[in-house]
Amino acid sequence: MNKGRSPEPLDFFIWTVEDVGLWLEEINLGSYRQVFEENGVNGEYLESLSMFTTEQILRFIRRCHMKWGDFITLCKELRRIKVACLKGEQEVRRPWWAPACFAVVFVKVAKRNRQSRVVSLKLEP
């Protein structure tokens with residue numbers, strides 16, 4: 001991700017710890033940015049939250065010193081991203097680091113990868 005640039009929502013499962021921090025700022029949970037960084041919370045970790053047991057969720061909340069309401073907000077925002085992913089609401093964009101000559105190929109491959117990745121996402125009821 002480019003520094004200071006918002007992470008692509010549909011790519012949340014490949015977000016770095018810094019990308020997660022930027023996203024927390026966007027959803028008004030920026031007060032947790034530092035503790036998430038200290039605990040190494042990246043996109044892959046966020047994706048796995050939906051499969052956590054109650055005990056694992058409580059441990060996560062304690063470790064990050066989160067308020068219950070803030071945790072619910074975090075989960076709602078993750079669900080919103082997953083639903084947008086399933087509906088195909090956002091375009092695939094060429095990343096800032098990819099050469100323009102690969103734009104068409106990148107977008108086709110990225111769409112295919114997202115479709116297969118989205119199918120594997122677990123959406124809570």
Side-chain angles (χ1 to χ4, degrees):
M1 259 309 106
N2 197 2
K3 294 217 183 248
R5 184 174 170 194
S6 297
E8 290 293 327
L10 298 185
D11 294 330
F12 79 95
F13 44 82
I14 60 168
W15 283 352
T16 63
V17 173
E18 183 179 318
D19 293 335
V20 170
L22 291 170
W23 177 69
L24 288 172
E25 297 286 343
E26 284 183 13
I27 63 169
N28 298 318
L29 294 177
S31 60
Y32 297 105
R33 185 174 184 164
Q34 183 177 354
V35 73
F36 271 51
E37 287 175 359
E38 290 169 0
N39 285 289
V41 177
N42 59 13
E44 187 176 352
Y45 189 91
L46 288 177
E47 182 181 2
S48 69
L49 275 178
S50 63
M51 295 177 272
F52 275 19
T53 64
T54 303
E55 184 179 320
Q56 290 170 315
I57 288 171
L58 292 174
R59 241 186 317 210
F60 173 79
I61 290 170
R62 271 194 309 269
R63 187 174 58 234
C64 293
H65 309 287
M66 286 191 91
K67 295 177 185 172
W68 183 247
D70 290 342
F71 179 74
I72 298 298
T73 299
L74 179 82
C75 291
K76 283 181 180 179
E77 289 297 321
L78 281 171
R79 180 172 168 73
R80 185 183 57 75
I81 289 172
K82 290 178 183 183
V83 168
C85 211
L86 285 171
K87 290 181 177 179
E89 292 177 349
Q90 294 189 359
E91 290 182 30
V92 174
R93 287 188 255 162
R94 179 179 60 86
W96 60 271
W97 48 263
C101 61
F102 292 125
V104 174
V105 173
F106 176 82
V107 169
K108 284 181 183 179
V109 171
K111 282 183 181 179
R112 203 170 326 120
N113 286 343
R114 279 188 179 161
Q115 284 178 330
S116 63
R117 185 67 179 205
V118 168
V119 170
S120 73
L121 294 177
K122 179 180 177 184
L123 288 174
E124 303 83 25

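Of all heavy-atom pairs spanning Arg63 and Asn39, the tightest one is CD-OD1, 2.9 Å. Considering every non-hydrogen atom in both Ile81 and Trp23, the closest pair reads CD1-NE1, 3.6 Å. Taking all atoms of both residues into account, the shortest heavy-atom contact from Tyr45 to Ser48 is O-OG, 2.7 Å.
Here the SG-CG distance, from Cys64 to Leu74, works out to 9.0 Å after rounding to the nearest 0.5 Å. Atoms CG and CZ, on Leu58 and Phe71 in that order, are 8.5 Å from each other to the nearest 0.5 Å. Interatomic distance, Leu46 CG to Cys75 SG, rounded to the nearest 0.5 Å: 9.5 Å. Taking CD1 from Ile61 and CD1 from Ile72, the interatomic distance works out to 7.5 Å, rounded to the nearest 0.5 Å. Between Lys67 atom NZ and Tyr32 atom OH the span is 5.5 Å, to the nearest 0.5 Å.
Counting only heavy atoms from C-beta outward, the side chains of Phe60 and Val41 approach each other to under 4.5 Å. Counting heavy atoms from C-beta on, the side chains of Arg33 and Leu22 come closer than 4.5 Å.
Few gaps surround CD on Glu38; more than 12 heavy atoms of other groups in view lie less than 6.0 Å from it.
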side-chain hydrogen bond (donor to acceptor under 3.5 Å, both in side chains) evaluation trace for Asp19 with Thr16: CA-CA 5 Å; Asp19 293 335; Thr16 63; 3.2 Å; yes
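A continuous path of hydrophobic side-chain contacts links Met66 to Leu49 [ILVMFWY only; heavy atoms under 4.5 Å]. In the hydrophobic clustering of ILVMFWY residues, with side-chain heavy atoms under 4.5 Å counting as a link, Ile27 and Val20 come out together.
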